[in-house]
Amino acid sequence: MKKLFLFFMTFISIVAFGKNEKLYVGTNPEFYPFEYLEDGKIVGFDADLIEAIGQKLGKEIVWKNIAFDGLLPALQSKKIDVIIAGMTATEERKKFVNFSEPYFTSSQVIILNSENKESLDIKSYENLPNHSVGVVLGYTGDVAVSKVPNVNIQRFNGASEAIMALKAKKVQAVILDSEPAKNYVKNNKGLELISTDIAKEEYSIAVSKDNTQLAEEINKAYKELVDDGSYQELINKYFK
Ligand code: GLN
């Protein structure tokens with residue numbers, strides 16, 4: 001009888017708290033320190049944040065590793081429920097998905113190779129014309145540089161590839177989000193970072209347009225994590 005009671009209580013708690021519910025989360029783990037692979041596992045600031053949100057919602061996170069430009073299509077076709085990928089909440093993307101409250105402010109910066117003479121006259125976006133500039137396909141850096149006339153844009157599939165081309169002097173600058181950029185500069189001798197005055201960007205979690213309830217739940221859970229200090233702990237863990 002006791003066993004039956006226990007079984008019944010477990011069943012009730014699973015139903016009541018949705019413990020076995022899954023949240024399919026898409027990301028592209030090439031964006032240190034937000035998401036990257038460690039022993040084949042997706043880790044990083046975004047990973048910790050969505051795990052904490054998942055816990056609040058009583059949902060188990062199931063990761064899907066997807067190319068960055070495949071994330072929005074995957075969300076729209078319901079292969080995933082959520083994107084967390086250092087994704088900037090742009091007006092263009094807002095036409096297709098719902099974004100949560102922003103959780104991180106970033107900007108686009110210029111990375112130079114100080115050993116390449118042809119890089120050295122680049123001091124700001126205004127100096128990009130008549131240079132070959134590496135960006136990652138579909139990133140906001142791509143969108144920003146595409147608006148500057150007379151730039152020879154080279155599009156790469158990932159930030160590491162763009163950085164390799166910069167080191168090999170195949171491009172004279174790379175435009176990338178500030179935090180991953182800082183990390184490449186730290187780990188690659190000769191690379192130099194120039195902060196730009198280009199507008200700040202905000203990273204948000206994306207859910208599909210018709211899933212307004214999930215967006216609200218995520219916002220509520222996020223607010224709780226900010227209020228109880230967990231968000232600040234994550235900032236300290238990854239950025240201090
Ligand atoms: N913030 C940039 C964007 O949204 C880059 C994101 C990323 O590479 N993960 O396009």
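Counting convention: from 1, in listed order, for ligands and their atoms alike.
At least one heavy atom of Asp177 sits less than 4.0 Å from an atom of ligand 1. The closest approach between any non-hydrogen atom of Glu30 and ligand 1 is not below 4.0 Å. Put simply, no part of Phe34 is less than 4.0 Å from ligand 1, judged by heavy atoms.
Two rings, from Tyr238 and Phe104, have their centers 6.0 Å or more apart. A ring-centre distance under 6.0 Å is not found for Tyr184 and Tyr32. A centroid separation of 6.0 Å or more is found between the aromatic rings of Tyr203 and Phe99. You'll find the ring centres of Tyr103 and Tyr231 outside the 6.0 Å limit.
Between Lys182 and Glu179, at least one side-chain N (NZ, or NE/NH1/NH2) sits under 4.0 Å from a carboxylate O, which counts as a salt bridge.
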Going by atom type alone, with no hydrogens or angles, which donor-acceptor pairs under 3.5 Å involve a side-chain atom of residues 63-72 and a protein atom two or more places apart or on another chain?
| residue | atom | partner | partner atom | Å |
| --- | --- | --- | --- | --- |
| Trp63 | NE1 | Glu51 | OE2 | 3.3 |

| task | Please step through side-chain hydrogen bond (donor to acceptor under 3.5 Å, both in side chains) for the pair Thr27 and Glu35, ending with a clear verdict. | result | CA-CA 8 Å; Thr27 197; Glu35 41 269 322; 3.2 Å; yes
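For ligand 1, the atoms closer than 4.0 angstrom to any heavy atom of Met87 are 4 (O). Interface of Phe68 with ligand 1, defined as ligand atoms under 4.0 Å from a residue heavy atom, comprises 3 (C), 4 (O), 6 (C), 7 (C), 9 (N), 10 (O). Every atom of ligand 1 is numbered from 1 in the order shown, and the set under 4.0 Å from a heavy atom of Ala85 is 6 (C), 7 (C), 9 (N). In summary, the atoms of ligand 1 found under 4.0 Å from a heavy atom of Tyr203, numbered by their order in the structure, are 1 (N).
Heavy atoms of Tyr139 found under 4.0 angstrom from ligand 1 belong to the backbone as well as the side chain. In Arg93, the part holding a heavy atom less than 4.0 Å from any atom of ligand 1 is the side chain.
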